[in-house]
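Reading through the structure tokens given below for one structure.
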Amino acid sequence: PVRVTAVLGDMLELGAESAALHQSVGRQAAAAGVDTLLAVGQYATDIVAGFNAGVAASPTASPTASQTVAKAVSKAEVSALLPHGAPDIVLLKGSHSVGLESVADGVIARFGEATL
């Protein structure tokens, strides 16, 4: 089966709804079947809380042996927390100012550049 790792960073400039919107993204990641979620930034714990709530609430998104608990991490920790073998899909998404470009460079250095 395809394994999906999502590295999600803050979405900035959302105002008073920031926490709720980050929780919603976490719930949507769980519903989409993300296996591993690594959240980076000020709202990382909100993303993780949403993911865990989404897994708990979904009859089809129950944790499996391949699905890990989501974690709030620093950019420097991401590469070490990726699976040891090349995952099938790594998704990186966040506001430009979060700086996930450095994470993307690390993923490419570790696993190589994908071809479509």
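Residues Y43 and L21 do not share a hydrophobic cluster, defined by chaining ILVMFWY side chains whose heavy atoms lie under 4.5 Å apart. By the criterion of side-chain heavy atoms lying less than 4.5 angstrom apart, applied directly or through intervening Ile, Leu, Val, Met, Phe, Trp or Tyr residues, V48 is grouped together with V55 in one hydrophobic cluster. Cluster annotation: F51 is connected to V25 through the hydrophobic network of ILVMFWY side chains, with a link wherever side-chain heavy atoms come within less than 4.5 Å.
With a 4.5 Å cut-off on side-chain heavy atoms, L81 and K71 count as touching. Within the 4.5 Å cutoff, the side chain of V103 has no heavy atoms near those of the V40 side chain. Two residues are said to be in side-chain contact when any heavy atoms from C-beta on lie closer than 4.5 Å; L91 and T5 fail this criterion. Looking only at side-chain heavy atoms (C-beta outward), S97 and L12 come within less than 4.5 Å of each other. Two residues are said to be in side-chain contact when any heavy atoms from C-beta on lie closer than 4.5 Å; L8 and L38 fail this criterion.
Of all heavy-atom pairs spanning G54 and A30, the tightest one is C-CB, 3.8 Å. Of all heavy-atom pairs spanning N52 and A70, the tightest one is OD1-N, 3.9 Å.
Summarising the geometry, atom CG belonging to L100 is positioned 9.0 Å from atom CG belonging to D10; distances are rounded to the nearest 0.5 Å. For the atom pair CG (D35) and CD1 (I89), the distance works out to 9.0 Å, reported to the nearest 0.5 Å. Of the inter-residue distances, the one linking E13 atom CD with S95 atom OG reads 7.0 Å to the nearest 0.5 angstrom.
Proximity of a side-chain donor or acceptor of K75 to a complementary backbone N or O of E101 within less than 3.5 Å is not detected. Using a distance-only test at 3.5 Å, with no hydrogens or angles considered, no donor-acceptor pair links the side chain of D46 to the main chain of Q23. One N or O on the side chain of H22 and one on the backbone of M11 form a donor-acceptor pair closer than 3.5 Å.
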